[in-house]
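Sequential numbering from 1 along the given sequence is applied to the chain's residues.
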Amino acid sequence: MDEYKWWGKPGEPPQNLKTKKQLAELGLSPLKAVGIIRAQKYDVLLYDPDNPESCRPKRKPTEKQLETLAANREKARIKREYEEWYNEVGFIERDRVRAVKWARDELAAENLAILDTETTGLCDAEIVEIAVINRDGEPLLNTLIKPSIPIPAEVSAIHGITDEVVADAPSFPQIYPQIAEILKDKQLLIYNSDFDIRILNYCCKLHNLPSLKLKNRSECLMTWHAQWAGDWSYYHKDYRWQPLCGDHRALGDCLAALERLKKIAADSDRMNCPVPRPE
């Protein structure tokens with residue numbers, strides 16, 4: 001095999017010798033190189049278009065091969081467009097459908113219960129009202145609770161429960177056995193479950209009562225509702241929470257939560273996809 005220098009230098013290859021790329025432009029396929037240019041990073045093989053042992057005409061594809069090629073290109077286009085849609089907004093639609101199916105499963109559970117509390121505040125707060133309903137909206141528990149601390153006026157302005165309202169109400173230790181019995185073996189649904197469970201745990205600890213151990217058998221409706229609503233924050237990479245819009249009383253908020261659950265379950269469980277889906 002003849003060796004040549006790079007083009008533009010003494011000993012460059014004759015003009016009739018071609019590289020693989022140049023052969024392709026001529027409609028030829030390489031067979032056996034007749035020359036070589038040795039470079040620092042790679043070698044360039046050279047071929048003679050006039051030598052049938054060095055190269056040959058490219059075979060023309062059959063009609064079937066052309067059809068297969070076109071079909072594969074179409075599949076690749078559909079897959080590319082679907083992935084672009086899915087990565088931009090399609091995952092939001094996927095999560096909506098998941099929320100719908102989840103809500104239907106929740107409503108089908110016979111031991112479903114929805115819980116809500118009203119409190120003296122946000123941190124180190126005590127419960128002033130608690131309600132629990134079943135999946136049919138029937139109250140299993142709805143009672144005021146007298147806390148061991150005063151209810152701040154700014155908190156009373158939200159839920160309307162004052163020290164005077166709870167003056168004759170039972171204390172948390174008095175109502176605890178009833179709470180524990182009602183919640184036993186229940187699958188709990190709570191709007192902002194982290195808050196209510198934290199408050200319940202705090203009250204149990206405050207009065208030296210056993211924990212109700214609700215965390216592992218509770219679902220947060222607020223999180224699922226946010227997923228269903230689909231208000232995605234590309235900055236925070238999460239769904240924005242939506243207000244419950246209840247009446248800020250325990251029973252009213254339980255019923256509002258049940259209505260939210262039913263609304264999610266009534267939605268379509270089919271993905272609304274504006275582009276063809278890959279097979």
Side-chain angles (χ1 to χ4, degrees), residues 18-33 37 39-47 49 54-109 112 187 189 191-194 216 218-244 257 259-279:
K18 306 297 180 183
T19 64
K20 287 183 180 180
K21 184 178 180 180
Q22 291 170 329
L23 284 183
E25 293 172 352
L26 296 172
L28 299 173
S29 295
L31 291 176
K32 183 179 180 180
I37 300 176
Q40 186 173 358
K41 291 185 177 181
Y42 56 87
D43 295 337
V44 179
L45 296 175
L46 300 171
Y47 302 85
S54 180
C55 56
R56 62 171 174 77
K58 284 186 176 181
R59 294 190 182 95
K60 290 185 179 181
T62 65
E63 189 71 25
K64 186 175 181 179
Q65 288 174 326
L66 290 174
E67 290 176 0
T68 301
L69 179 63
N72 289 337
R73 285 176 175 169
E74 179 65 10
K75 286 181 180 179
R77 182 191 67 80
I78 291 173
K79 182 180 179 182
R80 182 176 63 254
E81 290 182 356
Y82 178 81
E83 288 176 348
E84 288 174 355
W85 168 79
Y86 185 88
N87 291 332
E88 289 182 14
V89 295
F91 67 94
I92 299 175
E93 180 64 9
R94 174 207 64 191
D95 288 347
R96 180 195 66 79
V97 170
R98 287 179 177 174
V100 170
K101 294 179 178 179
W102 166 84
R104 293 176 183 177
D105 289 341
E106 289 291 304
L107 285 173
L112 176 67
Q187 179 177 316
L189 196 60
Y191 207 85
N192 192 4
S193 61
D194 285 349
N216 292 333
S218 299
E219 288 270 13
C220 183
L221 177 57
M222 183 171 71
T223 300
W224 281 101
H225 180 263
Q227 180 174 313
W228 173 78
D231 188 5
W232 178 258
S233 169
Y234 286 92
Y235 180 81
H236 295 289
K237 303 298 181 184
D238 204 353
Y239 293 102
R240 295 181 179 89
W241 292 342
Q242 308 297 315
L244 177 60
E259 288 306 309
R260 285 292 174 90
L261 182 66
K262 289 180 178 179
K263 186 174 182 179
I264 297 171
D267 196 9
S268 171
D269 62 359
R270 294 177 62 88
M271 281 188 65
N272 297 315
C273 181
V275 298
R277 300 182 67 175
E279 296 179 358

Neighbour count >12 (heavy atoms, 6.0 Å) for atom CH2, Trp232: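 Above 12, so yes.
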Step through the shown structure and confirm whether more than 12 heavy atoms of other residues, nucleotides or ligands are within 6.0 Å of OH on Tyr42.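 Result for OH/Tyr42: open.
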Listed once per pair and sorted, the salt bridge (Lys or Arg N to Asp or Glu O under 4.0 Å) pairs that draw on residues 74-85, sequence neighbours left out: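 Counting only pairs at least two positions apart or across chains, the salt bridge (Lys or Arg N to Asp or Glu O under 4.0 Å) contacts touching residues 74-85 are Glu74-Arg77, Arg77-Glu81.
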Is it the case that Glu219 and Gln187 place a side-chain donor and acceptor less than 3.5 Å from each other?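 Side-chain D/A pair, Glu219 to Gln187: absent.
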Where [X] and [Y] come nearest, the two heavy atoms and their spacing:
{"X": "Arg240", "Y": "Ala226", "answer": "O-CB, 3.4 Å"}
{"X": "Pro49", "Y": "Leu28", "answer": "CB-CD1, 3.9 Å"}
{"X": "Gln22", "Y": "Lys18", "answer": "OE1-CA, 3.3 Å"}
{"X": "Ser233", "Y": "His236", "answer": "OG-N, 3.0 Å"}
{"X": "Ala265", "Y": "Ala103", "answer": "N-CB, 3.7 Å"}
{"X": "Ser54", "Y": "Lys32", "answer": "OG-O, 2.9 Å"}

Side-chain heavy atoms of [X] within contact of [Y], under 4.5 Å:
{"X": "Lys262", "Y": "Leu107", "answer": "yes"}
{"X": "Arg104", "Y": "Val100", "answer": "yes"}
{"X": "Leu45", "Y": "Thr19", "answer": "no"}
{"X": "Arg73", "Y": "Leu69", "answer": "yes"}
{"X": "Tyr239", "Y": "Ile92", "answer": "yes"}
{"X": "Lys263", "Y": "Trp228", "answer": "yes"}
{"X": "Asp95", "Y": "Trp224", "answer": "no"}
{"X": "Arg94", "Y": "Val97", "answer": "no"}

Separation of [Y] [atom2] from [X] [atom1] (nearest 0.5 Å):
{"X": "Asp269", "Y": "Trp102", "atom1": "CG", "atom2": "CH2", "value": "15.5 Å"}
{"X": "Tyr86", "Y": "Arg277", "atom1": "OH", "atom2": "CZ", "value": "9.5 Å"}
{"X": "Gln242", "Y": "Leu221", "atom1": "CD", "atom2": "CG", "value": "11.5 Å"}
{"X": "Arg96", "Y": "Asp267", "atom1": "CZ", "atom2": "CG", "value": "4.5 Å"}
{"X": "Leu66", "Y": "Lys64", "atom1": "CG", "atom2": "NZ", "value": "12.5 Å"}
{"X": "Leu23", "Y": "Cys55", "atom1": "CG", "atom2": "SG", "value": "5.0 Å"}

If we ignore hydrogens and angles and just use 3.5 Å, is the side chain of Tyr47 paired with the main-chain N or O of Ser29 as donor and acceptor? no
Polar side-chain atom of Arg260 near backbone of Met222 as donor-acceptor pair, under 3.5 Å: no
